[in-house]
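Residue numbers start from 1 in every chain, and the chains themselves are labelled A, B, ... in the order their sequence lines are given, proteins ahead of strands.
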Amino acid sequence: MPELPEVQTVVNTLQPAMAGQVIRAVDLRRRDIVSPADIDFPQQITGKRVISITRRAKRIVFLLNDGNRFYIHLGMSGHMSVEKIGTPTIKHTHLILHVARQEVRFVDPRRFGGIWWLGKEQPWDTDLGPEPLDITAKQLAARLAKTTRAIKPALLDQKLIVGLGNIYVDESLHQAGIHPTRRADKLRPAEVAKLTRCIKTILRQAIEHNGSSVRTYRDANGKWGSFQNLHRVYHCQGKPCHRCKTPIQQIVLGGRSTHFCPKCQVTKPHA
DNA sequence: GTCCATGTTCTTTA
DNA sequence: CTAAAGAACATGGA
């Protein structure tokens, strides 16, 4: 469920429930969702105050008053929910934090997500590329120039740029008029500039609409996002392109379902 | 039963 | 050696 806009929305909805509050009790129902495995996570966070909840890439980062940090990654099926005390738990509820007069829960059926303990160490995100809302066209161009892969799998690579997943790569490439199979290192500077602008526009709009609920995604208050109603290509195969009426196509690229307009998204740069 | 899924990481191949 | 392609992870819904 989670790409940058969805994770940002979850962060935004967790903040009122948790920021400045003490974690009074911790119920970790599956220890194996915490990395590294030898950390006593409940003991580390019980009684600590949550100073801030922020987002880096698709990670939800918690800073505690003792300087320790940890992050939650939602994986494919993870979600957070703020509940009244005693609300019946659903299947696959792995963690319950008792905060103020509420419970903050982490639920993840497929368990691709989890909790990572960071401690107080300074560098912890060196494996991640730059944030898409901050990146310049020049920066993105320099990174794309280093790979011969197709632009779509390149943009999905979190070492190259973070935050984008299958939905927002397809939507961004469509708005930029770039075919997903184009070689990343063969894009022209003007195309990369447009792509950079389109990525930012799409992500900002998606955040305004509280993300895309294409399957089961909801924010921590159980509210659905609405950006799925504004998708131009993702899951729109067969429907007429918004700009040229050509039916949207769906192919498999890099093992991922990929949606694009065969007319608007050119396979070769203009002469 | 089959196929597919908003993600990441490990293994295999070239 | 490196980069890229493919498989794997675990569960549920169509």
Side-chain angles (χ1 to χ4, degrees), chain A residues 1-11 29-30 32-37 55-60 71-80 90-94 106-116 124-129 132 143-174 180-186 199 202-203 205-207 209-220 223-237 250-259:
Chain A
M1 58 167 53
E3 301 180 34
L4 185 151
E6 291 75 36
V7 177
Q8 185 64 55
T9 303
V10 171
V11 166
R29 301 189 168 190
R30 274 198 81 115
D32 64 356
I33 62 162
V34 179
S35 297
R55 180 194 59 75
R56 167 76 171 111
K58 298 173 188 172
R59 304 170 178 181
I60 304 166
Y71 73 83
I72 292 180
H73 196 295
L74 299 174
M76 201 83 111
S77 61
H79 58 273
M80 306 296 300
I90 61 173
K91 211 170 163 182
H92 308 298
T93 299
H94 305 315
F106 171 57
V107 182
D108 185 13
R110 293 170 73 178
R111 274 180 282 125
F112 291 175
I115 302 165
W116 280 262
W124 60 274
D125 66 346
T126 47
D127 55 328
L128 294 176
R143 295 183 153 258
L144 293 177
K146 288 192 281 192
T147 181
T148 62
R149 281 177 297 176
I151 184 64
K152 162 139 186 180
L155 292 175
L156 286 174
D157 181 353
Q158 305 293 299
K159 290 186 286 300
L160 199 152
I161 183 172
V162 301
L164 300 172
N166 215 26
I167 296 174
Y168 297 104
V169 165
D170 282 5
E171 293 297 325
S172 299
L173 287 173
H174 177 254
T181 61
R182 288 278 300 284
R183 256 177 70 161
D185 60 346
K186 294 284 176 63
I199 287 170
I202 297 268
L203 292 178
Q205 278 186 319
I207 292 168
H209 291 263
N210 302 313
S212 301
S213 289
V214 312
R215 198 187 182 83
T216 57
Y217 165 75
R218 302 195 199 190
D219 70 22
K223 267 185 62 182
W224 302 95
S226 64
F227 194 68
Q228 68 280 5
N229 300 320
L230 297 177
H231 290 173
R232 297 297 192 230
V233 288
Y234 187 81
H235 280 184
C236 296
Q237 53 270 38
Q250 192 226 323
I251 60 171
V252 174
L253 179 57
R256 308 301 301 275
S257 145
T258 298
H259 316 74

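Between the side chains of A:Thr216 and A:His79, no donor N or O sits under 3.5 Å from an acceptor N or O. A donor and an acceptor atom, one from each side chain of A:Glu3 and A:Tyr217, are nowhere located under 3.5 Å apart.
When the P atom is compared between B:dT11 and C:dA10, the two are found 14 Å apart, to the nearest whole Å. Between the C1' atoms of B:dT6 and C:dA4, the separation comes to 23 Å (whole Å).
For the OP1/OP2 pair of C:dA10 and a distance below 4.0 Å, the side-chain nitrogens and oxygens of A:His92 include no atom meeting the criterion. A sub-4.0 Å separation between OP1 or OP2 of B:dA5 and a side-chain N or O of A:Ser257 is present. Using a 4.0 Å cut-off, some side-chain N or O of A:Lys58 falls inside it from OP1 or OP2 of B:dG7. Residue A:Thr148 has a polar side-chain atom (N or O) positioned under 4.0 Å from OP1 or OP2 of C:dA4.
Across the protein-nucleic acid pair, A:Arg111 atom CZ and B:dT8 atom P stand 18 Å apart, rounded to whole Å. Following rounding to the nearest Å, A:His73 (NE2) and B:dT8 (C1') show an atom-to-atom distance of 7 Å. Here the C1' atom of nucleotide B:dT6 and the CD1 atom of A:Ile202 are 15 Å apart, to the nearest Å. Whole-Å rounding puts the A:Asp108 CG to C:dA10 C1' distance at 9 Å. If you take CG of A:Asp170 and P of B:dA5, they are 11 Å apart, rounded to a whole angstrom. Note: CG (A:Leu156) to C1' (C:dA3) measures 17 Å, nearest angstrom. Spacing between atom CZ of A:Arg256 and atom C1' of C:dG6 amounts to 13 Å, rounded to whole angstrom units. Note: CG (A:Leu74) to C1' (B:dT6) measures 10 Å, nearest angstrom.
Within 4.0 Å of A:Lys91, counting heavy atoms only, lie sugar-phosphate atoms of the nucleic acid but no base atom. Counting non-hydrogen atoms under 4.0 angstrom, A:Gly165 reaches the backbone sugars and phosphates but no base. Backbone-only contact: A:Tyr234 has heavy atoms under 4.0 Å from sugar-phosphate atoms and none from a base.
The side chain of A:Thr147 lies closest to C:dA4, out of B:dA5, C:dC9, C:dA4.
For B:dT6, the base is not stacked against the aromatic ring of A:Tyr217, per a cut-off of 5.5 Å between centres and 30° between planes.
Checked by distance alone, A:Arg110 brings a side-chain donor or acceptor within 3.5 Å of a matching partner on the base of B:dA5.
Here the closest non-hydrogen pair linking A:Asp170 and A:Ser257 is OD2-O, 3.9 Å.
No side-chain donor-acceptor contact under 3.5 Å links A:Gln250 to the backbone of A:His235. When atom types are taken as modelled, the side chain of A:Ser213 and the backbone of A:Gly225 share a donor-acceptor pair closer than 3.5 angstrom.
When both distances must be under 3.5 Å, the Watson-Crick or G-U wobble mate of B:dT6 does not exist.
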